[in-house]
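The figures here come from the full heavy-atom set of this structure, side chains too, leaving out hydrogens, waters and symmetry mates. For this chain, numbers begin at 1 and follow the sequence in order.
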Amino acid sequence: KEITAKQIKEIIYQSNYSCLKEVIIFDVYQGKNIDPNHKSLALALIFQRIDQTLTDKEVQQMVTEIIHTLQKEYAIVIR
């Protein structure tokens, strides 16, 4: 609950993927069905390469690595 959305975005941007163009937090929820010591964040990550089309596999690999980093740094849980 004490981790800010800004901190989450900073960790994601530190992944240094050149094709990661933007991280958007479009929902923050605290309340029913969420542990009182937690909050739920919904994120959109925009990946783009100019020289080629990214495959689903490439994007999924980057997302997986970002999730692992967030789990390591902040013990996040994916709902």
J.: Side-chain contact test, heavy atoms from C-beta onward, threshold under 4.5 Å: evaluate it for H38 versus Y29 and give yes or no.
T.: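 No, their side chains stay 4.5 Å or more apart.
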J.: Could you work out, with side-chain hydrogen bond (donor to acceptor under 3.5 Å, both in side chains) as the rule, every residue matching N33, not counting sequence neighbours?
T.: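 Listed in chain order: nothing, the list is empty.
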J.: For the residue pair T53 and E58, what are the closest heavy atoms and their distance?
T.: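 Heavy atoms only, the tightest pair is O-OE1, 4.1 Å.
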J.: Taking the side chain as every heavy atom from C-beta outward, state whether D27 and S40 have any pair of such atoms under 4.5 Å apart.
T.: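 D27 vs S40: side chains apart.
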J.: When you check the side-chain N and O atoms of T4 and Q7, is any donor under 3.5 Å from an acceptor?
T.: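 Short answer, yes.
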J.: Has the side chain of K39 got a donor or acceptor atom that lies under 3.5 Å from a matching backbone atom of P36?
T.: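 No; zero donor-acceptor contacts below 3.5 Å.
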J.: Would a 4.5 Å heavy-atom cut-off, applied to side chains only, mark I46 and V23 as touching?
T.: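 Heavy-atom side-chain distance check fails, nothing below 4.5 Å.
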J.: With rounding to the nearest 0.5 angstrom, report the CD1 to OH distance, I11 to Y74.
T.: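 Here the rounded value is 4.5 Å.
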J.: Sequence neighbours excluded, which residues qualify as salt bridge (charged side-chain N to carboxylate O under 4.0 Å, His left out) partners of D51?
T.: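 R49.
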J.: Go through the side-chain N and O atoms of Q60 and T64 and say whether any donor and acceptor fall under 3.5 Å apart.
T.: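 Result is yes, a qualifying pair exists.
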J.: Same hydrophobic cluster for I34 and I3, using side-chain heavy-atom links shorter than 4.5 Å among ILVMFWY?
T.: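 Each belongs to a different hydrophobic cluster.
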J.: Please round to the nearest 0.5 Å and tell me the distance separating atom CD of E10 and atom CD of E73.
T.: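 One gets 11.5 Å once the value is rounded to the nearest 0.5 Å.
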J.: Taking atom CG of D56 as the centre, report whether more than 12 heavy atoms of other residues, nucleotides or ligands fall under 6.0 Å from it.
T.: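 12 or below, so no.
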J.: State, with a plain yes or no, whether a side-chain heavy atom of L41 is found less than 4.5 Å away from one of F26.
T.: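 Heavy-atom side-chain distance check fails, nothing below 4.5 Å.
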J.: When rounded to the nearest 0.5 angstrom, what is the spacing between CE in M62 and CG in L20?
T.: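 Going from CE on M62 over to CG on L20, the span is 8.0 Å.
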J.: Within the 4.5 Å heavy-atom criterion, are I76 and I78 side-chain neighbours or not?
T.: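 When only atoms from C-beta onward are counted, I78 and I76 do touch, with a gap below 4.5 Å.
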J.: Go through the side-chain N and O atoms of Q61 and E65 and say whether any donor and acceptor fall under 3.5 Å apart.
T.: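 Looking only at side-chain atoms, E65 and Q61 do form a donor-acceptor pair, the distance falling under 3.5 Å.
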J.: Output the distance between atom CG (L43) and atom CD (E22), rounded to the nearest 0.5 Å.
T.: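 These two atoms lie 12.0 Å from each other.
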J.: Can C19 and L54 be said to form a side-chain contact (heavy atoms from CB on, under 4.5 Å), step by step?
T.: CA-CA 9 Å; C19 56; L54 290 163; 4.2 Å; yes
